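As C-alpha cells, the structure follows; a few thoughts come after it.
The figures here come from the full heavy-atom set of this structure, side chains too, leaving out hydrogens, waters and symmetry mates. Note that the structure is predicted; figures quoted are calculated from it, not measured.
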Amino acid sequence: MLAVLRNRRFAALFASQVSSLVATGLLTVALALVAVRLDPGAAAGIIGTALTIRIAVYVVVSPLASALLAGRSSRAVLVGADLVRLIVAGALVFATAPWQLYVGIVLLQTASAVFTPTYQAVIPRVLPDERDYTAAQSLSRLAYDLESLLSPPLAALLVLMLPPQALFGIVALGFLGSGLAVLLARLHDQVGSTAEPVRRRLLRGLGVLARTPGPRFAAVLDAAPATIYATVLVSSVVLLIDAGADPADPSAALAAVLVAFGLGSIAVAVALPALLRRLRDTTVMLLGAGVAVLALAGTAAAALLDGLSVLGIGALWVVLGASSSAISTPSARLIRTEVAADQHAAVFAARFSTSHAWYAVTYPVAGLLGTIAPSGAATAALAGLAAVAVVAGLAMVPPRSPD
C-alpha cells in the first residue's frame with residue numbers, strides 16, 4: 001500500500017490530504033472549546049447547530065460548485081479552496097459570538113465541499129493503474145482513521161500551551177500546508193467538462209449517478225456507514241453510561257471505544273488491497289454492510305435487555321469500524337471504473353452530496369430517539385435502516401464487468 005507513495009504527484013496530493021484532515025480534526029475540537037468559552041450554558045446547542053450547518057452545506061454546495069467550476073484548472077480550484085479555508089480559520093481566532101462561528105462554518109464547509117470531490121476526481125488521473133488506485137484509496141482511508149484517533153490528543157496537548165481560540169491559527173497553518181502540497185503536485189488537468197450549459201451540468205452528476213449501476217449501488221449502500229457513524233458519534237455516550245461507565249465522566253470509556261472503532265477500520269483498510277484482488281468490490285461492500293446490520297442489531301438487543309457492558313461495546317465497535325471501512329473504501333473504484341473521466345468531478349460531487357444526505361437523516365434519528373426512547377431504541381432503528389439499504393443493494397448489484 002505504501003509503495004504508491006513512490007509516485008511523486010500522488011505523494012504530494014496525499015500530503016495535502018493529510019494536512020487538510022489534521023486541520024479539519026483540530027477545527028472540530030476548537031469549535032467545541034470556543035463554544036464553551038463563548039456561552040457555557042448553550043455550548044451543546046452551538047455545536048449541534050454547527051454540525052447541522054456543516055451537513056446542509058455539503059449536500060447543497062458540492063453539486064452546485066461542480067457545475068460552476070467545470071473547465072477550471074484542478075490546481076487552481078484546490079489551492080483556492082485551501083486559501084479560503086486558511087483565511088476563514090485565521091479570522092475565527094478573533095470570534096467573539098456564536099453567529100461568527102456559524103458564518104465561519106458555512107464558508108469553511110463550502111470550501112471543503114469544493115476541495116474534496118475535486119481531489120477525489122484528480123486521483124484516478126494521477127494513478128491510472130487499478131492496483132495503484134486501490135492502494136491509494138486504502139491509504140486515504142487509513143489517513144482518515146489515524147486523524148480521528150490522533151486529532152483529539154493533539155488538540156488536548158495544544159490547549160495546554162495555547163488558548164482555545166489560538167487553535168484556529170494552527171488550523172490555518174494546516175490549510176496552508178495543504179495548498180502548498182497541491183502546488184508541488186503540478187496538476188495540469190481541468191475540473192469536469194464544459195460541453196453543456198451550467199443548468200444541465202448542475203444535474204449531470206446526479207443523472208450519471210442515478211443511471212450508472214455501480215455508483216448507484218454505492219449511493220444506496222452509503223446509508224449503512226451513515227447508520228454506523230450516527231451510532232458511534234451520537235449514541236456511544238448514552239450506551240456507555242447505561243452499560244456501567246461513570247455517568248459523571250464517561251470520557252475515558254468513550255475514548256477507549258472510539259479507539260477500538262478506529263482500529264477495526266484501520267485493520268480492514270490495510271487488508272483491502274489484497275482482498276479486492278480476490279473479491280468483487282460490491283461483494284466486499286455488501287459483506288461489510290451485512291456485518292454492520294448484525295452488529296447494530298446486537299448492540300440494540302443487548303442495550304434493551306440490559307446486557308450491554310463497556311467491554312462488549314468496545315468489541316462491537318471494532319466490528320463496526322471494520323464494516324465502515326469495507327463499505328466505504330472500495331466505493332470510489334466503482335466510479336473510476338464505470339464513469340467517463342470527464343464526468344468524474346461531477347459524479348464525485350454528486351456522491352459527496354448524496355452520502356451526506358444520509359447523515360442528515362441518521363444523526364437526527366440517533367439524537368431524537370436517544371433522548372425520548374429507551375437506550376438501544378435509536379440503534380435498533382438505525383439497524384433497520386441499514387438492513388433496508390442492504391436489501392436494496394442486493395437488488396441493485398451491477399453485473400460483473402467483461403474483464
Once you round to the nearest 0.5 Å, how far does [atom1] of [X] lie from [atom2] of [Y]?
X: S138; Y: Y133; atom1: OG; atom2: OH; value: 11.0 Å
X: H356; Y: T354; atom1: NE2; atom2: OG1; value: 10.0 Å
X: L272; Y: R277; atom1: CG; atom2: CZ; value: 11.0 Å
X: L276; Y: T134; atom1: CG; atom2: OG1; value: 6.0 Å
X: T110; Y: I105; atom1: OG1; atom2: CD1; value: 10.5 Å

Heavy-atom side-chain proximity of [X] to [Y] below 4.5 angstrom:
X: T212; Y: I335; answer: no
X: N7; Y: D132; answer: no
X: L27; Y: R85; answer: no
X: T362; Y: Y229; answer: no
X: F10; Y: L139; answer: yes
X: R351; Y: D222; answer: yes
X: F217; Y: D281; answer: no
X: L385; Y: V365; answer: no

Subject >> Worked check of side chain to side chain contact (heavy atoms under 4.5 Å, CB included) between V232 and W317 >> reply: CA-CA 8 Å; V232 171; W317 267 219; 3.7 Å; yes

**OP:** Have a look at L92 and tell me which of V103, L108, I87 forms a side-chain contact (heavy atoms from CB on, under 4.5 Å) with it.
**Re:** L108

Subject >> Result of checking L209, V347, L334 against V339 for side-chain contact (heavy atoms from CB on, under 4.5 Å) >> reply: V347

Please name the pair of heavy atoms, one in [X] and one in [Y], separated by the smallest distance, quoted to 0.1 Å.
X: A230; Y: A366; answer: O-CB, 3.9 Å
X: V59; Y: A357; answer: CG2-N, 3.6 Å
X: V220; Y: G393; answer: CG1-N, 4.4 Å
X: A377; Y: L369; answer: O-CD1, 4.2 Å
X: S112; Y: P117; answer: O-CD, 4.1 Å
X: V268; Y: A326; answer: CG1-N, 3.9 Å

Subject >> Derivation and outcome, side-chain hydrogen bond (donor to acceptor under 3.5 Å, both in side chains), residues R125 and S74 >> reply: CA-CA 11 Å; R125 302 184 187 188; S74 297; 5.5 Å; no

**OP:** Test T283 against R278 for side-chain hydrogen bond (donor to acceptor under 3.5 Å, both in side chains), laying out the working first.
**Re:** CA-CA 10 Å; T283 301; R278 295 170 174 80; over 6 Å; no

**OP:** Step through the shown structure and confirm whether more than 12 heavy atoms of other residues, nucleotides or ligands are within 6.0 Å of CZ on R6.
**Re:** no

Original post:
Heavy-atom count around L184 CG within 6.0 Å, excluding the residue itself: above 12?
Top reply: yes

Using modelled atom types only, decide if a donor and an acceptor are shared between the side chain of [X] and the backbone of [Y] within a distance under 3.5 Å.
X: S325; Y: S265; answer: yes
X: T299; Y: A295; answer: yes
X: R216; Y: A210; answer: yes
X: W358; Y: L221; answer: no
X: Q109; Y: Y58; answer: no
X: Q100; Y: A97; answer: yes

Original post:
How are the rings of Y119 and F115 set relative to one another: parallel (under 30°), tilted (30 to 60°) or perpendicular (over 60°)?
Top reply: parallel

**OP:** Check the pair S236 / F261 against side chain to side chain contact (heavy atoms under 4.5 Å, CB included), numbers first and verdict last.
**Re:** CA-CA 11 Å; S236 283; F261 178 83; over 6 Å; no

